[in-house]
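Structure first, commentary second.
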There are 2 protein chains.
Amino acid sequence: MSVPLEPTDQAIARELNANGRTSFTDLAERVGLSVSAVHQRVRRLEQRGVIKGYTARLDGEQIGLPLTALISLTPNDPAAPDDYPQRLEHIREIESCYSVAGDESYVLLVRVPSPAGLEDLLRRIRESAKVSTRTTVVLSTPFEGRPAAL
Amino acid sequence: MSVPLEPTDQAIARELNANGRTSFTDLAERVGLSVSAVHQRVRRLEQRGVIKGYTARLDGEQIGLPLTALISLTPNDPAAPDDYPQRLEHIREIESCYSVAGDESYVLLVRVPSPAGLEDLLRRIRESAKVSTRTTVVLSTPFEGRPAAL
DNA sequence: CTTGAAATCACATGGGA
DNA sequence: TCCCATGTGATTTCAAG
């Protein structure tokens, strides 16, 4: 299950993780290979799923989603089949969904425009997944989405 | 604090959030502007901090960081000045740091190679920030880093 | 915002260690 | 298999209106 990444591929992955728009030309210089060699490696990393995608990180405040929260889920019926992620997938306010070890079963990271938006979101989560929720409101985000510690 | 984003800028931000390597040419087609107009807008969004950066999303399993955890922090000395984020910034395993409302003060999202790596990380967090920790291990990640609900 | 032109880049192909 | 060199068309970027 997953060969440890070769040093060159690791360097490429690290660079693209830190700057997702680095050109192949720059990458080639940094890892000491020709542009075409790097090009091939990046495509392979994408195919293998080492690179899952590219995204611009946006400032929640400025895009109208200033309220972030962590929501922990507990199933209402512990005997029900565990298809919670599927039941929640359609809710676009949910950015991430983690299955966790602990008192609760899942933790969601969500972004909403306002307290009213959060209230409505919680209602939809409870209805869609038949869970009870415990919400931790994020007051501020000192940092987020930093480069991986490769 | 933060003028609501103009529709065209919002469309650009949404597209780059969903695909961080979309070319200016593609962006221009999608939003119905010339390439250089889009170019200027993207630069402005970057300057304003609406776009905070670009990153490749990597598969933790394949890059040697298969273990994810959420760590909640409680200050040892509640009277101490609150400079925890600064004290933790140097620890590269910490991907995100949220100041939260609730029993605890902060929640960290971390990635490590192994349980031993987690143990060592917890020790460093406690020492650096003078906090006690409560750790929630992530068992699996049904989804993560989905595009913002713009 | 647009046009337009120069510099740079992406990417496919073919060939060599 | 992995790498490199080269060519062509696409893209980025800047200056000017």
Side-chain angles (χ1 to χ4, degrees), chain A residues 1-59 61-64 145-148 150, chain B residues 1-66 113 145-148 150:
Chain A
M1 186 183 310
S2 89
V3 179
L5 221 50
E6 201 197 336
T8 306
D9 282 340
Q10 186 171 306
I12 292 174
R14 186 185 329 122
E15 177 57 35
L16 284 174
N17 180 237
N19 182 355
R21 280 183 86 92
T22 306
S23 71
F24 292 103
T25 309
D26 282 356
L27 276 177
E29 280 181 15
R30 289 180 206 227
V31 306
L33 281 182
S34 73
V35 174
S36 19
V38 168
H39 192 266
Q40 290 178 72
R41 278 170 182 267
V42 171
R43 292 288 170 259
R44 196 173 51 206
L45 289 170
E46 290 168 357
Q47 280 191 320
R48 280 202 232 158
V50 175
I51 295 175
K52 296 194 284 189
Y54 301 89
T55 120
R57 284 179 298 108
L58 304 180
D59 179 6
E61 308 277 338
Q62 295 193 64
I63 60 171
R146 298 201 304 180
L150 296 182
Chain B
M1 184 183 312
S2 90
V3 179
L5 221 51
E6 202 196 337
T8 305
D9 282 340
Q10 185 170 307
I12 291 173
R14 185 185 327 118
E15 178 56 35
L16 284 174
N17 180 238
N19 181 357
R21 282 183 84 93
T22 306
S23 71
F24 292 103
T25 309
D26 282 358
L27 277 177
E29 279 181 15
R30 286 178 209 228
V31 305
L33 281 182
S34 72
V35 172
S36 10
V38 168
H39 189 262
Q40 289 175 55
R41 277 171 183 266
V42 171
R43 292 287 170 257
R44 196 171 54 208
L45 290 170
E46 289 168 357
Q47 281 192 316
R48 278 202 239 160
V50 175
I51 295 175
K52 296 195 283 189
Y54 301 89
T55 115
R57 284 179 298 109
L58 304 181
D59 179 4
E61 308 278 339
Q62 296 193 65
I63 60 170
L65 299 172
R146 298 201 303 179
L150 296 182

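Hydrogens, waters and symmetry mates play no part in the numbers below; they use all other heavy atoms, side chains included.
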Problem - Side chain B:Ser23, main chain B:Asp26, donor-acceptor under 3.5 Å - result: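 The answer is yes, because a donor-acceptor pair under 3.5 Å joins these two groups.
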Exercise for the section: Without swapping roles, check the side chain of A:Arg57 against the backbone of B:Asn17 for a donor-acceptor pair under 3.5 Å. Expected result: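 A pair under 3.5 Å: no.
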How many whole angstroms separate atom [atom1] of [X] from atom [atom2] of [N]?
X	N	atom1	atom2	result
B:Leu33	D:dT13	CG	P	17 Å
B:Tyr54	D:dT12	OH	C1'	13 Å
B:Glu46	D:dT13	CD	C1'	13 Å
B:Arg43	D:dC14	CZ	P	7 Å
B:Arg21	D:dA10	CZ	P	19 Å
A:Phe24	D:dT11	CZ	P	13 Å
B:Leu27	D:dA10	CG	C1'	15 Å

Practice task
Just jot down the ring pair (Phe, Tyr, Trp, His ring centres under 6.0 Å) partners of A:Tyr54, sequence neighbours excluded, or say none.
Solution key: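 Once residues adjacent in sequence are excluded, A:Tyr54 has no partner under the ring pair (Phe, Tyr, Trp, His ring centres under 6.0 Å) criterion.
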Under 3.5 Å, N/O pairs linking protein and nucleotides 13-17 of chain C:
none

Problem - Note: A:Arg48-B:Asp59 ion pair, threshold 4.0 Å (strictly below) - result: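 Looking at B:Asp59 together with A:Arg48, the answer is no, because their closest N to O distance does not fall below 4.0 Å.
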Problem - Pair A:Glu46 + A:Lys52: basic N to acidic O under 4.0 Å - result: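 A:Lys52 and A:Glu46: not salt-bridged.
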Handout entry: Among D:dT12, C:dT3, D:dC4, the one nearest B:Ser34 by side-chain distance
Key =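 Ranking D:dT12, C:dT3, D:dC4 by closest atom to the B:Ser34 side chain puts C:dT3 first.
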Side-chain N or O of [X] less than 4.0 angstrom from OP1 or OP2 on [N]?
X	N	result
A:Arg41	D:dC2	no
A:Thr25	C:dT8	no
A:Arg44	D:dC2	yes
A:His39	C:dC11	yes

Exercise for the section: Would you indicate whether the side-chain heavy atoms of A:Leu33 and A:Thr8 approach each other to under 4.5 Å? Expected result: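 A side-chain contact under 4.5 Å exists here.
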Problem - Exercise: identify the closest heavy-atom pair between A:Leu27 and A:Glu15 - result: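 Heavy-atom minimum between the residues: CD2-CG, 3.4 Å.
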